[in-house]
Asks: 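This structure is in structure tokens; I'll ask about it shortly.
From a predicted model like this one, the values you see are computed outputs, not experimental measurements.
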Amino acid sequence: MAEVLVYVDHVDGAVRKPTLELLTLARRIGEPVAVALGGGAADTAATLAEHGTVKVLTHDATEYAEYLVVPKVDALQAAYERVSPAAVLVPSSAEGKEIAARLALRIGSGIITDAVDLEAGDEGPVATQSVFAASFVTKSRVSKGTPVITVKPNSAAVEAAPVAGTVEALAVSFSEKATGTKITGRTARESTGRPELTEAAIVLSGGRGVGGAENFALIETLADSLGAAVGASRAAVDAGWYPHTNQVGQTGKSVSPQLYIASGISGAIQHRAGMQTSKTIVAINKDAEAPIFDLVDYGVVGDLFEVVPQLTEEIMARKG
């Protein structure tokens, strides 16, 4: 069976959920071979083997922590030349898409970004994408070279498939450009105790209807009762009510959770582009004619200041 190269997104050896989703998709088209780089790379092996990885290629060097992107591209290219895979899969983060694009250019291959599904085809892997602000679904395949595909988080279920995986050292020679952009400082993100927005299974977002920064406490309380992440529309972010890092939409982050709850959001195309691939969508809005209701699976016509507290109360009662 052909091998499929999977780039591992991890933090000090803790494998992030989007990588485990990639392994589920990789097994549809071949045998996953993972590439883990940087500090803690070897510590990823056990988790990766539990999810079907037959081989883990590891390499650690200070360049991965001190310089941006290019050292990782050098390493992934080295892995590609060693394995000759049927495809290369990368998590669809901002960094992941840059790594994938640079790799595709180097190896002379086509690239597909932000795939939401992947299946085997007679002429290579076929990727499903949600395009034009999620108005259309397309199926595509790369017609030149080895497909390089980035996949959005929450596109596949994480499935355990234990194997006796092996760990091998990867030889990497860094290019001259590897040290071209140096990281001069880092600031730790303040933890909210909530899941990462793009990876969360449940996302609650507030919009203009929330009315002010102080009222986002309603959204946060409901989110905490569900173990959810908190997002915001562009209108709420532009008004200074919530951080830009939590913006969902075409100019913010794209999310695809199992459940998306929009409170006080009208449903402008800019916002829909960032959340329309969510599996189940619920809207709370007092305007029965709001465009968001054309999209949702369930709609509540009502004042969010009444509906959200009642919903939180009911959830807590059932949990308690």
Asks: Are the side chains of Val151 and Leu25 in touch, meaning some heavy atoms are under 4.5 Å apart?
Replies: yes
Asks: Distance check, rounded to the nearest 0.5 Å: Asp117 atom CG versus Thr128 atom OG1?
Replies: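 If I round to the nearest 0.5 Å, the distance is 4.5 Å.
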Asks: Tabulate below the donor-acceptor pairs under 3.5 Å that side-chain atoms of residues 206-228 make, not counting sequence neighbours, or state none.
Replies:
unit_1: Asn215; atom_1: ND2; unit_2: Val210; atom_2: O; d: 2.9
unit_1: Glu220; atom_1: OE2; unit_2: Tyr242; atom_2: OH; d: 2.7
unit_1: Thr221; atom_1: OG1; unit_2: Ala217; atom_2: O; d: 2.8
unit_1: Asp224; atom_1: OD1; unit_2: Arg194; atom_2: NE; d: 2.8
unit_1: Asp224; atom_1: OD2; unit_2: Arg194; atom_2: NH2; d: 3.4
unit_1: Ser225; atom_1: OG; unit_2: Leu222; atom_2: O; d: 2.6

Asks: Is the shortest heavy-atom distance from the side chain of Arg141 to the side chain of Glu123 under 4.5 Å?
Replies: yes
Asks: Flag the pair Val6 / Leu23 as yes when at least one side-chain heavy-atom distance between them is below 4.5 Å, and no otherwise.
Replies: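 Yes, at least one pair of side-chain atoms sits under 4.5 Å.
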Asks: Under 3.5 Å, is there a donor on one side chain and an acceptor on the other for Asp297 and Thr280?
Replies: no
Asks: Backbone N or O of Gly96 within a donor-acceptor pair of the Ser93 side chain at under 3.5 Å?
Replies: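 Yes.
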Asks: Can Glu196 and Lys17 be counted as an ion pair, charged N to O under 4.0 angstrom?
Replies: no
Asks: I'd like to know if the side chain of Ser109 and the backbone of Gly145 have a donor-acceptor N/O pair within less than 3.5 Å.
Replies: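 Not confirmed, Ser109 side chain does not pair with Gly145 backbone.
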Asks: Suppose we screen for salt bridge (Lys or Arg N to Asp or Glu O under 4.0 Å). Which residues come up paired with Glu306, at least two apart in sequence or across chains?
Replies: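 In terms of salt bridge (Lys or Arg N to Asp or Glu O under 4.0 Å), with neighbours along the sequence ignored, Glu306 is linked to no residue.
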Asks: Applying ring pair (Phe, Tyr, Trp, His ring centres under 6.0 Å), which residue pairs with at least one partner in residues 17-47 are found, sequence neighbours left out?
Replies: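 Qualifying pairs, neighbours excluded: none.
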Asks: Under 3.5 Å, side chain of His10 to main-chain N/O of Leu37, donor-acceptor pair present?
Replies: yes
Asks: What pairs with Lys279 under salt bridge (Lys or Arg N to Asp or Glu O under 4.0 Å), at least two apart in sequence or on another chain?
Replies: none
Asks: Would you give the length of the straight line joining atom CE of Met275 to atom CD of Gln250, rounded to the nearest 0.5 angstrom?
Replies: 13.5 Å
Asks: Would you mind writing out the side-chain donor-acceptor pairs for residues 58-66 within the sub-3.5 Å range, not counting sequence neighbours?
Replies:
unit_1: His59; atom_1: ND1; unit_2: Tyr64; atom_2: OH; d: 2.8
unit_1: Asp60; atom_1: OD1; unit_2: Gly39; atom_2: N; d: 3.3

Asks: Any side-chain hydrogen bond (donor to acceptor under 3.5 Å, both in side chains) involving residues 36-51? Give me the pairs, sequence neighbours left out, ordered by first then second residue.
Replies: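 Passing the test, one end in residues 36-51: no pairs.
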Asks: Checking side chain to side chain contact (heavy atoms under 4.5 Å, CB included) between Leu118 and each of Ile112, Val126, Leu89, which is the one that passes?
Replies: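 Of Ile112, Val126, Leu89, side chain to side chain contact (heavy atoms under 4.5 Å, CB included) with Leu118 is met by Leu89 alone.
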Asks: So if I apply the salt bridge (charged side-chain N to carboxylate O under 4.0 Å, His left out) rule between Arg27 and each of Glu3, Glu159, Glu21, which one comes out positive?
Replies: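 Among the candidates, only Glu159 passes.
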Asks: Checking side chain to side chain contact (heavy atoms under 4.5 Å, CB included) for the pair Leu20/Thr24: CA distance, chi angles, key distance, verdict?
Replies: CA-CA 7 Å; Leu20 302 181; Thr24 297; over 6 Å; no
Asks: Under the salt bridge (Lys or Arg N to Asp or Glu O under 4.0 Å) rule, collect the residues that match up with Lys152, sequence neighbours excluded.
Replies: none
Asks: Should Glu119 and Arg28 count as an ion pair when the cut-off is N to O under 4.0 Å?
Replies: no
Asks: Got a second to check how far Asp238's CG is from His244's NE2, nearest 0.5 Å?
Replies: 8.0 Å
Asks: Applying salt bridge (Lys or Arg N to Asp or Glu O under 4.0 Å), name anything that partners Glu314, two or more places apart in sequence or on another chain.
Replies: Arg318
Asks: Does any pair with a residue in residues 75-125 pass ring pair (Phe, Tyr, Trp, His ring centres under 6.0 Å), and if so which ones, sequence neighbours excluded?
Replies: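 Residue pairs passing ring pair (Phe, Tyr, Trp, His ring centres under 6.0 Å), neighbours aside: none found.
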Asks: Between Gln270 (side chain only) and Thr251 (backbone N and O only), is there a donor and an acceptor less than 3.5 Å apart?
Replies: yes
Asks: Do the side chains of Ile284 and Val308 get nearer than 4.5 Å, heavy atoms only?
Replies: yes
Asks: Should Leu295 and Arg272 count as side-chain neighbours, where that means a heavy-atom distance under 4.5 Å?
Replies: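 Result yes, sub-4.5 Å side-chain heavy-atom pair found.
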Asks: Can you check whether Leu57 reaches Val83 side chain to side chain, under 4.5 Å on heavy atoms?
Replies: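 A side-chain contact under 4.5 Å exists here.
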Asks: Name the atoms and distances for all side-chain donor-acceptor pairs under 3.5 Å in residues 99-108, with sequence neighbours left out.
Replies:
unit_1: Arg102; atom_1: NE; unit_2: Glu98; atom_2: OE2; d: 3.1
unit_1: Arg102; atom_1: NH2; unit_2: Glu98; atom_2: OE2; d: 3.2
unit_1: Arg106; atom_1: NH1; unit_2: Asp74; atom_2: OD1; d: 2.6
unit_1: Arg106; atom_1: NH1; unit_2: Gln77; atom_2: OE1; d: 2.8
unit_1: Arg106; atom_1: NH2; unit_2: Asp74; atom_2: OD1; d: 2.9

Asks: So do Pro32 and Val4 actually touch side chain to side chain, heavy atoms under 4.5 Å?
Replies: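 No; the side chains remain at least 4.5 Å from each other.
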Asks: Can you run down the ring pair (Phe, Tyr, Trp, His ring centres under 6.0 Å) pairs that involve residues 293-320, sequence neighbours left out, and say none if there aren't any?
Replies: none
Asks: Dump the intermediate steps for side-chain hydrogen bond (donor to acceptor under 3.5 Å, both in side chains) on Thr19 and Asp9, then the final yes or no.
Replies: CA-CA 6 Å; Thr19 296; Asp9 184 7; 5.3 Å; no
Asks: Is Asn246 reaching over with its side chain to a backbone N or O of Leu197, donor-acceptor style, under 3.5 angstrom?
Replies: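 The answer is no, because no donor-acceptor pair under 3.5 Å joins these two groups.
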Asks: With distance as the sole criterion, is a donor-acceptor pair present between the side chains of Ser205 and Tyr260 under 3.5 Å?
Replies: yes
Asks: If you draw a 6.0 Å radius around NZ in Lys182, do more than 12 non-hydrogen atoms from other residues or ligands fall strictly inside?
Replies: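 It does: Lys182 NZ has more than 12 such atoms within range.
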Asks: Return yes if some donor-acceptor pair links the side-chain N/O of Thr150 with the main-chain N/O of Asp114 below 3.5 Å, else return no.
Replies: yes
Asks: Under a 4.5 Å side-chain heavy-atom rule over Ile, Leu, Val, Met, Phe, Trp and Tyr, are Leu5 and Val69 clustered together?
Replies: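 Yes: a chain of side-chain contacts under 4.5 Å links Leu5 to Val69.
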Asks: With sequence neighbours left out, which residue pairs that include part of residues 163-181 fulfil the salt bridge (charged side-chain N to carboxylate O under 4.0 Å, His left out) condition?
Replies: Arg82-Glu168
Asks: Asn154 side chain to Ala200 main-chain N or O, any donor-acceptor pair under 3.5 Å?
Replies: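 Present.
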Asks: May I ask you to check whether over 12 heavy atoms, not counting those of Glu81, lie within 6.0 Å of atom CD?
Replies: yes
Asks: Before giving the answer on salt bridge (charged side-chain N to carboxylate O under 4.0 Å, His left out), spell out for Glu31 and Lys55 the whole-Å C-alpha distance, their side-chain angles and the decisive distance to 0.1 Å.
Replies: CA-CA 9 Å; Glu31 293 185 330; Lys55 185 188 305 179; over 6 Å; no
Asks: Is there side-chain contact between Asn285 and Val301, with at least one heavy-atom pair below 4.5 Å?
Replies: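 Of all side-chain heavy-atom pairs linking Val301 with Asn285, none is under 4.5 Å.
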